[in-house]
Amino acid sequence: QVQLVESGGGSVQAGGSLRLSCAASGYPYRSSGMAWFRQAPGKEREGVAAIYTGGGAKYYADSVKGRFTISQDAVENTVYLQMNSLQPEDTAMYYCAAALGVWVLDFLNDREYNYWGQGTQVTVSS
């Protein structure tokens, strides 16, 4: 059974940092697309960052480039999202997603992903 378990969310002040973790289990971790998405109240879900676990290619939304970093620990089957210089507009529920058994064309498109975690809340105050 595929499981994605997020952790690391919380509340910080603007300019602060958080690191999100997504522990994956129940499937061959290698050669899959893994991504972080976020959804704020009243807004559509948006892709934040993604990684191809096989080759390590990384993709970022323009809004987070230079502030967020996605990484992986292939031994622990875990994907991380290091978030620095957080701003109030980064406040959202953050979801981990995996694209398994599919060829991903657009790594920041949520329709490419077929497994999702439950989400972790990130709140940034000004």
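Predicted model, so just to flag it, every value in this text is computed and none were measured.
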State whether a side-chain donor-acceptor pair under 3.5 Å links [X] with [Y].
| X | Y | answer |
| --- | --- | --- |
| T78 | D73 | no |
| R19 | Y80 | no |
| T123 | T91 | no |

Find out whether [X] and [Y] are in side-chain contact, i.e. whether some heavy atom of one side chain is under 4.5 Å from a heavy atom of the other.
| X | Y | answer |
| --- | --- | --- |
| T69 | L81 | no |
| S71 | Q82 | no |
| Y94 | Q121 | no |
| Y60 | V48 | no |

Over all atoms of both residues, closest heavy-atom pair of [X] and [Y]:
| X | Y | result |
| --- | --- | --- |
| S32 | A99 | CB-O, 3.6 Å |
| M93 | G119 | SD-C, 3.8 Å |
| A92 | A40 | CB-N, 3.8 Å |
| E112 | W103 | OE1-O, 4.0 Å |
| S126 | A14 | CA-CB, 4.3 Å |

> Do side-chain atoms of Q87 reach the backbone of S85 as a donor and acceptor pair under 3.5 angstrom?
Replying inline: yes
>> Between K58 and A49 (side chain of the first, backbone of the second, donor and acceptor by atom type, cut-off under 3.5 Å), is there such a pair?
In response: no
> Mind checking what makes salt bridge (charged side-chain N to carboxylate O under 4.0 Å, His left out) contact with E76, not counting sequence neighbours?
Replying inline: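 Checked E76 against salt bridge (charged side-chain N to carboxylate O under 4.0 Å, His left out); zero matches.
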Please determine whether residues [X] and [Y] belong to a single hydrophobic cluster, defined as Ile, Leu, Val, Met, Phe, Trp and Tyr linked transitively by side-chain heavy-atom distances below 4.5 Å.
| X | Y | answer |
| --- | --- | --- |
| I51 | V2 | yes |
| V122 | V12 | yes |
| Y95 | V79 | no |
| L4 | L108 | no |
| W116 | V102 | yes |

>> Taking ring-ring contact (aromatic ring centres under 6.0 Å, His included) as the definition, give me every residue that meets it alongside Y113, ordered by chain and number, with sequence neighbours left out.
In response: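 With sequence neighbours excluded, Y113 shows a ring-ring contact (aromatic ring centres under 6.0 Å, His included) to F37, given in chain and number order.
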> Who pairs with F107 by ring-ring contact (aromatic ring centres under 6.0 Å, His included), at least two apart in sequence or on another chain?
Replying inline: Y59
Drop me the distance from [X]'s [atom1] to [Y]'s [atom2], to the nearest 0.5 angstrom.
| X | Y | atom1 | atom2 | answer |
| --- | --- | --- | --- | --- |
| S25 | N77 | OG | CG | 8.0 Å |
| E46 | W36 | CD | CH2 | 14.5 Å |
| M34 | I70 | CE | CD1 | 8.0 Å |
| N109 | R45 | CG | CZ | 10.0 Å |

>> As a quick check of understanding, evaluate side-chain contact (heavy atoms from CB on, under 4.5 Å) for Q3 and Y27, giving each step before the final call.
In response: CA-CA 8 Å; Q3 280 195 312; Y27 68 94; over 6 Å; no
> Any disulfide bond (SG atoms under 2.5 Å apart) pairs touching residues 97-126, not counting sequence neighbours?
Replying inline: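 Every pair satisfying disulfide bond (SG atoms under 2.5 Å apart) with a residue in residues 97-126: there are none.
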>> With disulfide bond (SG atoms under 2.5 Å apart) as the rule and sequence neighbours excluded, what pairs involving residues 38-126 come up?
In response: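 Only C22-C96 qualify under disulfide bond (SG atoms under 2.5 Å apart).
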> Step by step, would you call F68 with L20 a side-chain contact (heavy atoms from CB on, under 4.5 Å)?
Replying inline: CA-CA 11 Å; F68 291 11; L20 306 183; over 6 Å; no
> By side chain to side chain contact (heavy atoms under 4.5 Å, CB included), which residues pair with S125, not counting sequence neighbours?
Replying inline: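 Side chain to side chain contact (heavy atoms under 4.5 Å, CB included) check on S125 returns Q13.
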>> Check this for me: Q118, atom CD, are more than 12 non-hydrogen atoms of other residues, nucleotides or ligands nearer than 6.0 Å?
In response: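 Counting neighbours around CD of Q118, 12 or fewer heavy atoms of other residues, nucleotides or ligands fall under 6.0 Å, so no.
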>> Could you check whether R38 pairs with D90 (Lys NZ or Arg NE/NH1/NH2 to Asp/Glu carboxylate O, under 4.0 Å)?
In response: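 Answer for the salt bridge query: yes.
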